[in-house]
Amino acid sequence: MRFLFIDRVTSLERGRRITGIKSFSSSEPFLESHFTRRALVPGVLLIEAMAQLLGWLASYSYDFRCVAVLTRMTVSTRPSSSVSGFS
């Protein structure tokens, strides 16, 4: 099974930066019983989404002649704009 956590790439600068969007439905199985008062996407899934975007940036920057693989991560911070869209 493959999990894709990118719905749309919104901006891309070859070799410099990439931004994208992933919308999560309230019926996603990983949101059940996860902070029931305010649904939060687990941090590990946010990291996976960022890694997938980084992979696209690396591949695009080298004309899709390479594949990026994330092997180890020691520190991460959550973007302040990653809040729930549920009301």
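- Side chain of R65 to main chain of Y62: a donor-acceptor pair is present (N/O by atom type, distance under 3.5 Å, no hydrogens or angles).
- Nearest heavy atom pair, residue S59 against residue C66, reads OG-O, 3.1 Å.
- Side-chain contact check for Q52 versus L57: every heavy-atom pair is 4.5 Å or farther apart.
- Note on I6: it clusters hydrophobically with Y60, by side-chain heavy-atom contacts below 4.5 Å among ILVMFWY residues.
- Linking ILVMFWY residues whenever their side-chain heavy atoms come closer than 4.5 Å, directly or via other members, leaves L53 and I21 in distinct clusters.
- Atom CZ of R17 is separated from atom OG of S61 by 13.0 Å, given to the nearest 0.5 angstrom.
- Considering every non-hydrogen atom in both T19 and S11, the closest pair reads OG1-OG, 2.6 Å.
- For I47, the side chain to side chain contact (heavy atoms under 4.5 Å, CB included) partners two or more places apart in sequence, or in a different chain, are M50, M73, S76.
- With values rounded to the nearest 0.5 angstrom, K22 atom NZ is found 7.0 Å from L4 atom CG.
- Between F5 and F24, the ring planes lie tilted relative to each other; the angle falls in the 30° to 60° range.
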